[in-house]
Number of protein chains: 2
Amino acid sequence: MFIPTAVILEDTHDDGRTLTNPGTSADGTRSTSDAPVRTRRKRDSLNRTVILDAAKVISERDGLEGLTFQSLGAELGAHPTSMYRHFKDKDELVLALIDSLRDRSYLGALVPTGDWRENLRIAARVVHEHYLRYPQLASQMAARTTRMPREFSNMEYTLKAFFDAGFDNEDALKYQRVFGNYVRALSSIEATSHCLPEQVQREDELAWRIQFERLDPEEYPAITAAGQPPLGIGDASTFDAGLEVLIKGLEALAESAPGAGS
Amino acid sequence: MFIPTAVILEDTHDDGRTLTNPGTSADGTRSTSDAPVRTRRKRDSLNRTVILDAAKVISERDGLEGLTFQSLGAELGAHPTSMYRHFKDKDELVLALIDSLRDRSYLGALVPTGDWRENLRIAARVVHEHYLRYPQLASQMAARTTRMPREFSNMEYTLKAFFDAGFDNEDALKYQRVFGNYVRALSSIEATSHCLPEQVQREDELAWRIQFERLDPEEYPAITAAGQPPLGIGDASTFDAGLEVLIKGLEALAESAPGAGS
DNA sequence: AGTGTTAGTCAACAGAATTGACTATCTATT
DNA sequence: AATAGATAGTCAATTCTGTTGACTAACACT
């Protein structure tokens with residue numbers, strides 16, 4: 001058993017464990033040597049905003065799996081279970097974190113240009129960069145709707161682009177979904193693959209190459225003819241290339257659309 | 001400091017927990033009333049295949065979060081930690097499960113037609129359906145490469161389609177990645193959104209609609225003009241629509257390519 | 001002062017992955 | 001066949017997680 005001898009006010013343990021407060025134990029007397037290890041936090045000093053700020057710091061530093069009630073408590077100098085006064089459970093906390101991050105990233109990034117294609121590229125870049133900035137949360141961000149306070153501004157921006165391209169209501173909505181899903185899904189996968197452990201990434205990559213070298217040209221003529229081992233799913237250039245293909249396709253569809261302008 | 005006084009942990013709960021075998025406990029005597037609850041499994045009766053079969057059953061029945069070493073033990077009538085003789089850790093087990101499932105789904109589904117566009121649709125459908133069949137595993141399937149024994153046949157098939165379309169080596173590889181990533185990423189997100197708890201899905205959907213109704217037409221003219229609340233990310237028709245846009249774009253690019261054939 | 005509400009604390013619980021020691025069983029060698 | 005060695009299955013224990021219900025101190029209001 002480790003007895004925390006000479007517990008200094010600054011915790012900074014490897015494990016953000018509960019630090020006992022001897023001051024409040026059975027005897028009212030407080031021994032002179034040990035300062036109160038953690039004072040009870042001031043009432044109302046904790047709220048959703050403060051907790052979410054700490055959660056952001058932790059998840060950026062240690063990843064999403066490092067975001068636990070223990071680590072939050074350590075970061076805030078509060079008891080791990082304090083958070084339950086402000087969030088029903090961990091799911092609610094993560095959702096709120098996603099929302100708060102989106103608030104910051106999307107602010108004022110969507111400036112319209114005269115070209116609807118360029119506008120789509122801008123909208124795509126904003127979301128893509130946002131996902132890559134918080135790769136730990138990417139899978140959650142894409143699959144769950146959350147409350148989307150900022151999501152509407154992005155939607156407005158892209159929908160307008162499709163109207164500019166000459167699509168009618170129905171098609172504009174349809175292709176807005178296509179576009180949005182593409183951006184979210186690809187960004188999510190790319191980000192997720194980035195935050196696998198380094199070693200796993202290398203092992204997977206290596207395994208790929210080895211298998212590749214051994215392919216039978218009889219059975220796989222096209223692959224062996226192409227000759228290069230492919231890039232992994234985490235490669236960003238594929239995102240851009242796919243975006244351009246989409247835009248190309250949308251151009252073709254816009255030309256054959258009834259109200260084709262621009 | 002908490003000294004764990006009298007650590008009583010008689011388990012034998014309702015769940016398929018470890019069933020104690022009194023016959024082998026400290027005293028050699030075996031009380032008459034209780035028969036041995038679980039007999040030790042025959043040596044060599046456990047192996048990767050048997051375990052993966054059980055894992056498949058469990059993950060289809062209870063989802064990926066229901067796949068634990070405990071549940072595996074219960075399903076197999078073995079001790080939970082037996083699995084460690086065959087899999088280094090849970091990660092390795094899940095990876096192996098993904099691989100084994102892919103083996104079954106991809107078998108003989110890729111019959112070539114004369115039209116490269118149609119071939120792309122076929123390849124997309126195979127993967128899409130596979131992901132939707134095992135939604136719990138979808139996120140892992142897309143982000144991680146695993147060992148891909150069957151993945152090469154899919155790649156061969158699609159690469160050939162791009163050669164048929166008239167692309168040169170470099171472009172064929174590039175667009176094969178684009179296509180593959182699109183299919184994997186979209187399928188993954190769609191599947192993942194499907195296996196959220198029903199209630200969460202409804203809540204998210206409802207919150208969306210409510211927010212939608214309240215939008216200010218001044219601030220969001222395009223959205224309010226379009227007039228319909230959009231479909232969620234889990235809608236399959238968007239996958240197909242996006243696929244068609246991609247193919248349209250690829251057609252346009254193929255025409256302008258140097259070796260443009262049929 | 002006194003009372004009540006509530007935010008922060010604490011101990012405890014259940015259930016997860018994982019580890020190291022133990023044991024039974026199969027295999028190979030004498 | 002007897003014995004030794006290897007190894008598959010078992011078991012207890014550890015550490016970490018989210019979560020709950022009781023407790024306690026601080027503030028808000030009479």
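All chains are named by letter (A, B, ...) in the order of the sequence lines, taking the proteins before the strands, and each is independently numbered beginning at 1. Just so it is clear, the model here is predicted, and its values are computed rather than measured. Any value given below was found using the heavy atoms of this structure, including those in side chains, with hydrogens, waters and symmetry copies removed.
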Atom [atom1] of [X] to atom [atom2] of [N]: distance rounded to whole Å?
X      : N       : atom1 : atom2 : value
H79(A) : dA12(C) : NE2   : C1'   : 11 Å
L76(A) : dA7(C)  : CG    : C1'   : 14 Å
K42(B) : dA24(C) : NZ    : P     : 14 Å
L93(B) : dT18(C) : CG    : P     : 10 Å
Y84(B) : dC11(D) : OH    : P     : 17 Å
D89(B) : dC16(D) : CG    : C1'   : 16 Å
M83(A) : dA7(C)  : CE    : C1'   : 12 Å
L46(A) : dT9(C)  : CG    : C1'   : 12 Å

Nearest-0.5 Å distance that lies between atom [atom1] in [X] and atom [atom2] in [Y]:
X       : Y       : atom1 : atom2 : result
H128(B) : L186(B) : NE2   : CG    : 7.5 Å
I189(B) : R184(A) : CD1   : CZ    : 9.0 Å
N154(A) : L110(A) : CG    : CG    : 5.5 Å
N47(B)  : L52(B)  : CG    : CG    : 9.0 Å
R133(A) : L101(A) : CZ    : CG    : 9.5 Å

### Task
State which residues pass salt bridge (Lys or Arg N to Asp or Glu O under 4.0 Å) with E219(A); sequence neighbours excluded, sorted by chain then number.
none

### Task
For salt bridge (Lys or Arg N to Asp or Glu O under 4.0 Å), just list the numbers for R102(B) and D99(B), CA-CA rounded to whole Å, side-chain angles, deciding distance to a tenth of an Å, and then say yes or no.
CA-CA 5 Å; R102(B) 185 153 36 206; D99(B) 250 15; 3.4 Å; yes

#### Entry: Mutual orientation of the aromatic rings belonging to F212(A) and F152(B) [parallel < 30°, tilted 30-60°, perpendicular > 60°]
tilted

### Query
Are any of S82(A)'s side-chain N or O atoms less than 4.0 Å away from OP1 or OP2 of dA7(C)?
no

## Note on the structure
Residues of residues 48-69 of chain B with a heavy atom under 4.0 Å from any atom of DNA chain C, listed by number, are T68(B), F69(B)

Sort me out a list of protein N/O and nucleotides 20-22 of chain C N/O pairs below 3.5 Å, or just none if empty.
none

### Message
What I want to check is whether an N or O donor and acceptor connect the side chain of R43(A) with the base of dA26(D) at under 3.5 Å.
### Response
yes

### Query
Is S59(B) reaching over with its side chain to a backbone N or O of L67(B), donor-acceptor style, under 3.5 angstrom?
no

### Message
Among dA16(C), dG8(C), dT10(D), which nucleotide has an atom closest to any side-chain atom of A78(B)?
### Response
dT10(D)

